[in-house]
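This report refers to the structure that appears directly beneath it.
Note that the structure is predicted; figures quoted are calculated from it, not measured. Just so you know, these numbers use all the heavy atoms, side chains as well, and skip hydrogens, waters and symmetry mates. Positions are given from 1, in the same order as the sequence printed here.
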Amino acid sequence: MKKFISAITSLGIAASMIGAVVPATAGAADASKGFAVKTYDIAKPSSADAASTVTIKKSDIPADGYVLPSALYYSESANGSTDSLLVGITTDSKDISFKLYNPEKDGYTKSEQEYTLGGTKFSTSSYISFAGSYDDLDGYMAAGKHVFGVDSSQTAAGTDNYYIGLSWTNNGKEYKWAGEKSDSYPLYVFDTIIPQSIAVGTYTIKYCEYNTDTTGVNYNPCPLVEGEKQRYTTKDGNLKLETMTINIVDANGSTPSTTTTTSATTTTTTTTTAKPVSQDGDIQFTFADKDGKTSIEAKPGDELVINANITANGKPVSAMDVQFQLGSGLKLQQISGKSAAIGNSAVSTNEDDCRANFTAINDEDGEPIVPTDGKAALTLKVKVADNASGDYTIGFSELKVYKDNTNYTYKSSFAPISIKVSGGGQGQQSEGADINFTFADKDGNSEISAKPGDEITVYANVTANGKPVSAMDVQFKTDSSVKITKLGSKAPALDGASASTNEDEGRVNFTSIGSDGEPVIPTDGKAAFTLVVKITDDATNGKHTIGFSECKVFQDSTNFNYKTAYKPLTITVTGGKDVKYMLGDVNNDGIINAVDASQVLKYYAKVSTGGDGGFTEEQKLAANVTGDAIIDAVDAAKILSYYAYASTIKDGTPVSMEDFMAGKK
């Protein structure tokens, strides 16, 4: 059993990071605040349209259980007036279970729905939380930082039944409600799952009320709200709690006479959805190229056509909903608009999220379609990135195949295609590093061209190879020709973890703890960080790089740091200012020798203590012989190595510093 307290204490990791959370609220305090558990309908998300009492006939509960969409609503009178809150819910029945949908991470609908926030229209598959925002870089973002704990019981909270706990902070930022009121949208959404075996009677979804300080020395209650320099608790009478009642009735609509029922009941308007516990059937997919090969070779820049061929053995399919998984050196360019193997059914695609879904119903008889075995259910067009090198695979990260309209899904499996890429630059792994990052543009390229005034979205894609990550704390490094204008506020590769950002210092940090209280395993090839940079109007021509000046990746709350490495994004600027310099000749005397190395070391010593190194732009370019945008002792050592090499050349001319660094001496 996972302990929610472990998830709460994981927030302590952020305390040692730069940009710690501070209160953002100010103003007159609310007289009271409150929570309410109610039904949820995404088409009518407001608490005013939801029900706190639900009646379900036992005969209507399918074998796989009745799924009741539910939500926890939060009420406050003053917009954006909460700094933090802690709340836990449970049920009085061991038969009832919960399924959580995290507003920061989880999709809720199969297809994206359209919303408007702050006058901006957008689409998302997530539900809208009580407060949030939208922008082009991060998409929809629920406000604040959520840390959830979900388990079948929680001893510390005093319950042996299913439990959801939430610790929320505003993350040091002001927030605004998504609607007219704080409960126009829910704090979070979950499914209440009621089994067919449940007895007729009345059940309650209620709150866990307990002191989180197990020593009893301090009174740190749950539930608790803090904001406007005030505490809101049930003990103080300024925190209101509303539970949800579920009446399970017999065929006559009655509960046993010993069971108390409410005088006014409301039948939920939400849709009953059967979600099977077990699956059978056997639908298989084999990823292959156009020649049917499941193991191929490629080189950087190649465009590949990959088929996900299906074998259904006569089993009908009514729909599919999938997400593809590709290595960081591969870019999904296009998903086929029809399913060749399943009646050429029209496919809805989202290449950015690597998602596709479709329904497969025969127009003549309205029945699901039997796939043609060996043909492509879906086809992909994939480009190998210019910097790719090594072994990659393509498969599914999510795969749902539906038999009919009862939400019944087959048990499915797949065999990925293996792609060996050779002839490229640095591959996915750097020798000796635990966690690797590759800086790239939206097309996966780590070497691009630009001109002054251009804006570029940059992705720091992670490769962790299954290693769990509890937190990251980084600072980006650029030069004066490249300015960071925006830092992304979530980490797509780590379940969309919410990040704290500081554009002035180029810093980002976040914690990444799952709903089970454990560190998150990153999705390899996706962005751990995103940033927007602008090529300055006075940028110099030549190569400029973006990377890390500091990168800390934590395994767990013991402060254990992984060893990290990265491949920078190299931007070749044209149309800017010409700067004349010779690589390695820092003092511009036409000779590369120990004097240049000495000047680099002096510069490094000054900037390491927060001072100004005193180099001109030309000197910085000449000193950074490694091309990593960092001038340090490594550059000095390389200059000395070149000086030693050049001193041994008696006849002829030494190669240039550029060729020397490339190993062409």
Would you check, one step at a time, whether the test salt bridge (charged side-chain N to carboxylate O under 4.0 Å, His left out) holds for Lys181 with Glu76? CA-CA 8 Å; Lys181 299 180 178 180; Glu76 60 178 359; over 6 Å; no
Where do Lys526 and Val462 land on the side chain to side chain contact (heavy atoms under 4.5 Å, CB included) test, with the steps shown first? CA-CA 6 Å; Lys526 290 191 73 173; Val462 66; 5.9 Å; no
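- Taking OG of Ser182 as the reference point, atom NZ of Lys176 lies at 13.0 Å (rounded to 0.5 Å).
- Looking only at distances, a side-chain donor or acceptor of Asn79 sits under 3.5 Å from a matching main-chain atom of Trp177.
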Go through the steps to decide whether Lys145 and Ser500 satisfy the test side chain to side chain donor-acceptor pair (under 3.5 Å), and finish with yes or no. CA-CA 9 Å; Lys145 173 67 177 178; Ser500 297; over 6 Å; no
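- Under the 4.5 Å side-chain criterion, counting only non-hydrogen atoms from C-beta, Pro316 is in contact with Tyr410.
- Separation of atoms CG (Leu68) and CZ (Phe98) is listed at 10.5 Å; rounding is to 0.5 Å.
- Proximity of Ser498 to Lys490: side-chain heavy atoms (C-beta onward) are nowhere separated by under 4.5 Å.
- The side-chain hydrogen bond (donor to acceptor under 3.5 Å, both in side chains) search around Ser84 returns Glu226, not counting sequence neighbours.
- Under the rule for a ring pair (Phe, Tyr, Trp, His ring centres under 6.0 Å), the partners of Tyr127 that lie at least two apart in sequence or sit in another chain are Tyr108.
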Any chance you could lay out the side chain to side chain donor-acceptor pair (under 3.5 Å) test for Asn247 and Thr202, step after step, and finish with the verdict? CA-CA 5 Å; Asn247 294 314; Thr202 297; 2.9 Å; yes
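- Under the 3.5 Å distance criterion, with hydrogens and angles disregarded, no donor-acceptor pair is assigned to the side chains of Thr90 and Lys206.
- Note on ring orientation: taking the six-membered ring where Trp is involved, the planes of Phe190 and Tyr188 are tilted (angle from 30° to 60°).
- Taking Phe324 as the reference, Phe396 meet the ring pair (Phe, Tyr, Trp, His ring centres under 6.0 Å) condition, with sequence neighbours excluded.
- Rounding to the nearest 0.5 Å gives a distance of 9.0 Å between CG of Asp524 and NZ of Lys467.
- Defined by atom type and a distance below 3.5 Å, a donor-acceptor pair is present between the side-chain atoms of Thr234 and Glu209.
- Using modelled atom types, one finds no donor on one side chain facing an acceptor on the other under 3.5 Å when comparing Asn220 with Thr212.
- Looking at residues two or more places apart in sequence or on another chain, you find no side-chain hydrogen bond (donor to acceptor under 3.5 Å, both in side chains) involving Thr91.
- A donor-acceptor pair shorter than 3.5 Å can be found between the side chains of Ser70 and Thr192.
- Here the CH2 atom belonging to Trp168 is positioned 10.5 Å from the CD atom belonging to Glu104, to the nearest 0.5 angstrom.
- Scanning both residues, Asp92 and Thr204, for their nearest heavy atoms gives OD1-N, 3.1 Å.
- Contacts of Thr286 classified as side-chain contact (heavy atoms from CB on, under 4.5 Å), with partners at least two apart in sequence or in another chain: Thr294.
- Using modelled atom types, one side-chain atom of Lys240 and one backbone atom of Gly237 make a donor-acceptor pair closer than 3.5 Å.
- Considering only heavy atoms from C-beta on, Ser412 comes within 4.5 Å of Leu399 through its side chain.
- Remark: the backbone N or O of Ala377 is paired with a side-chain donor or acceptor of Ser339 at under 3.5 angstrom.
- Side chains of Asp49 and Ser46: no donor on one and acceptor on the other come within 3.5 Å.
- Within a 6.0 Å radius of NZ in Lys94, other residues, nucleotides and ligands contribute more than 12 heavy atoms.
- Annotation: cation-pi pair Lys110/Tyr402 present, NZ/CZ under 6.0 Å from the ring centroid and within 45° of its normal.
- For Phe35, the ring pair (Phe, Tyr, Trp, His ring centres under 6.0 Å) partners at least two apart in sequence or on another chain are Tyr74.
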Apply ring pair (Phe, Tyr, Trp, His ring centres under 6.0 Å) to residues Tyr40 and Tyr101 and explain how you reach the verdict. CA-CA 12 Å; Tyr40 177 70; Tyr101 296 92; 9.2 Å; no
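- Taking the side chain as every heavy atom from C-beta outward, Asp183 and Lys38 never approach each other to under 4.5 Å.
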Does Thr82 form a side chain to side chain contact (heavy atoms under 4.5 Å, CB included) with Val225? I'd like the steps, not just the answer. CA-CA 7 Å; Thr82 299; Val225 175; 3.9 Å; yes
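- Remark: Ser81 OG to Tyr175 OH distance equals 5.0 Å, nearest 0.5 Å.
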